[in-house]
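These numbers come from the heavy atoms of this one structure, side chains and all, not from hydrogens, waters or symmetry mates.
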Amino acid sequence: MKLLIVEDEPKTGQFLRQGMAEAGLAADLVTDGLSGRECALSGHYDLIILDVMLPGLDGWQVLRSLREAGSPVPVLFLTARDAIDDRVQGLELGADDYLVKPFAFAELLARVRTLLRRGVVPPQETQLELGDLHLDLLSRRVERGGQRIDLTTKEFALLEFFLRRRGEVLPKSLIAAEVWDMHFESDTNVIEVAVRRLRAKLDDAFPTRLIHTVRGMGYVLEERDD
């Protein structure tokens, strides 16, 4: 496994690279966004630890370039930007995790290992459907009623999880753990925001809603005779 660390603060970058090495993980370190984007697009890395406030290009721009290029490499934001809006923006752009500085290295390492352990989708499970909703895992295409629906990376992952567990009431804590591989504080509204945005694209233009809120419990994806 090889990591890329994009961090412009020298002491933090060296600390991260040394810590990963001691944990048995090789890591390259770059200190600006342009170099980070170039290295990340090379496809030689299994995971990227990315700061937001970088010279050249910021972390948002680096991640956006990766996802627009179709790169699936896991990205963990490690940043001092601790506002909820920043977390939501990072996750909506396609980040797989978000950790705020200052941080405990043990927690960072645990999250890195979790992302590296993430399995791939079995080849036979390439088509997921519910009613007129169709998701193709190979082409990353979503359609409802024959109409294409464009989703962000995280919205696609959230919908895939809903479809795999369709008919089940899914608590917010389970969604956070399975879709983001992280635990959210109970007063954080990241899950609500993500579901609301997915619902706006998936349900608002159609007569039958598929995503339902189960008050006090979570969400369920199912067809209902309203």
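- Qualifying side-chain hydrogen bond (donor to acceptor under 3.5 Å, both in side chains) partners for Arg140, counting only residues two or more places apart in sequence or in other chains: none.
- Contact annotation: the side chain of Leu29 never approaches that of Leu16 to less than 4.5 Å [non-hydrogen atoms, C-beta and beyond].
- Scored by the salt bridge (Lys or Arg N to Asp or Glu O under 4.0 Å) test, Glu168 finds Arg165 as partners (sequence neighbours excluded).
- Smallest separation of non-hydrogen atoms from Leu4 and Cys39: CD2-CB, 3.8 Å.
- Under the side-chain hydrogen bond (donor to acceptor under 3.5 Å, both in side chains) criterion, Thr31 pairs with no residue, sequence neighbours left out.
- In this structure, Leu108 CG and Leu76 CG are separated by 6.0 Å, a value rounded to the nearest 0.5 Å.
- Under the rule for a side-chain hydrogen bond (donor to acceptor under 3.5 Å, both in side chains), the partners of Glu107 that lie at least two apart in sequence or sit in another chain are Arg111.
- Residue pairs meeting the ring-ring contact (aromatic ring centres under 6.0 Å, His included) criterion with at least one member in residues 67-92, sequence neighbours excluded: Trp60-Phe77, Phe77-Tyr98.
- Residues Leu116 and Leu25 have side chains in contact (heavy-atom distance under 4.5 Å, counting atoms from C-beta outward).
- When every heavy atom of Phe105 is checked against every heavy atom of Met20, the shortest pair comes out as CZ-N, 3.7 Å.
- Asp28 is linked by a side-chain hydrogen bond (donor to acceptor under 3.5 Å, both in side chains) to Lys2, Tyr45, counting only residues two or more places apart in sequence or in another chain.
- Note that NZ of Lys201 and CG of Leu151 are 5.5 Å apart. Values are rounded to the nearest 0.5 Å.
- Applying the salt bridge (Lys or Arg N to Asp or Glu O under 4.0 Å) test to Arg148 and every residue at least two apart in sequence or in another chain returns Asp150.
- With sequence neighbours left out, the salt bridge (Lys or Arg N to Asp or Glu O under 4.0 Å) criterion links Glu222 to Arg224.
- Between Ile149 and Phe206 there is a side-chain heavy-atom pair separated by less than 4.5 Å.
- Every pair passing salt bridge (Lys or Arg N to Asp or Glu O under 4.0 Å) that includes a residue from residues 39-54 is listed here, sequence neighbours excluded: Asp51-Lys101.
- Across Leu54 and Leu50, no two heavy atoms sit closer than the pair CD1-CD1, 3.9 Å.
- Contact annotation: the side chain of Thr79 never approaches that of Asp86 to less than 4.5 Å [non-hydrogen atoms, C-beta and beyond].
- Here the OG1 atom belonging to Thr152 is positioned 8.5 Å from the CG atom belonging to Leu198, to the nearest 0.5 angstrom.
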Q: List the steps, then state whether side chain to side chain contact (heavy atoms under 4.5 Å, CB included) holds for Ile49 with Glu7.
A: CA-CA 8 Å; Ile49 299 175; Glu7 169 61 61; over 6 Å; no
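- Val195 is not connected to Val169 by any chain of hydrophobic side-chain contacts under 4.5 Å among Ile, Leu, Val, Met, Phe, Trp and Tyr, and they are in different clusters.
- Residue pairs that meet the salt bridge (Lys or Arg N to Asp or Glu O under 4.0 Å) test with at least one member in residues 64-75, sequence neighbours left out, are Arg67-Asp96.
- For the salt bridge (Lys or Arg N to Asp or Glu O under 4.0 Å) test, residues two or more places apart in sequence or in another chain that qualify with Asp204 are Arg209.
- Hydrophobic clustering of Ile, Leu, Val, Met, Phe, Trp and Tyr side chains at less than 4.5 Å, counting indirect connections, keeps Met217 apart from Leu158.
- Put simply, the side chain of Gln147 never gets that close to the backbone of Arg144: no donor and acceptor are under 3.5 Å apart.
- Hydrophobic cluster membership is shared by Leu174 and Val193, with clusters built from Ile, Leu, Val, Met, Phe, Trp and Tyr side chains linked at under 4.5 angstrom.
- Residues Lys172 and Glu192 have side chains in contact (heavy-atom distance under 4.5 Å, counting atoms from C-beta outward).
- Interatomic distance, Arg164 CZ to Leu159 CG, rounded to the nearest 0.5 Å: 11.0 Å.
- Residue Arg81 comes nearest to Val52 through the heavy atom pair NH1-CG1, 3.9 Å, listed as atom of the first residue, atom of the second, then distance.
- Linking Ile, Leu, Val, Met, Phe, Trp and Tyr residues whenever their side-chain heavy atoms come within less than 4.5 Å leaves Leu202 and Val214 in two separate clusters.
- Sorted by first then second residue, the side chain to side chain donor-acceptor pair (under 3.5 Å) pairs that include residues 8-20, not counting sequence neighbours, are Glu9-Thr12, Gln14-Arg17, Gln18-Glu22.
- A salt bridge does not link Arg166 with Glu223: none of the charged nitrogens is closer than 4.0 Å to a carboxylate oxygen.
- Side-chain N or O atoms of Lys154 include one that pairs as donor or acceptor with a backbone N or O of Ala95 at under 3.5 Å.
- Here CZ of Arg37 is found 12.5 Å from CD1 of Ile48. Values are rounded to the nearest 0.5 Å.
- Linking ILVMFWY residues whenever their side-chain heavy atoms come closer than 4.5 Å, directly or via other members, places Phe161 and Trp180 in the same cluster.
- Annotation: side chain of Thr208 is not in contact with side chain of Asp132 (no heavy-atom distance under 4.5 Å).
- The two atoms that bring Asp136 and Phe156 nearest to each other are O-CZ, 3.8 Å, heavy atoms only.
- Under the 3.5 Å distance criterion, the side-chain polar atoms of Asp203 are matched with a main-chain donor or acceptor of Leu210.
- With rounding to the nearest 0.5 angstrom, the CG atom of Leu63 is 12.0 Å from the CG atom of Leu57.
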Q) Under the side chain to side chain contact (heavy atoms under 4.5 Å, CB included) criterion, do Val142 and Leu133 qualify, and how do the steps go? A) CA-CA 8 Å; Val142 175; Leu133 174 64; 3.9 Å; yes
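- Put simply, the side chain of Asp85 does not reach to within 4.5 Å of the side chain of Gln89, judged on heavy atoms.
- Between Leu170 and Ile175, the shortest heavy-atom distance links the atoms O-CD1, 3.8 Å.
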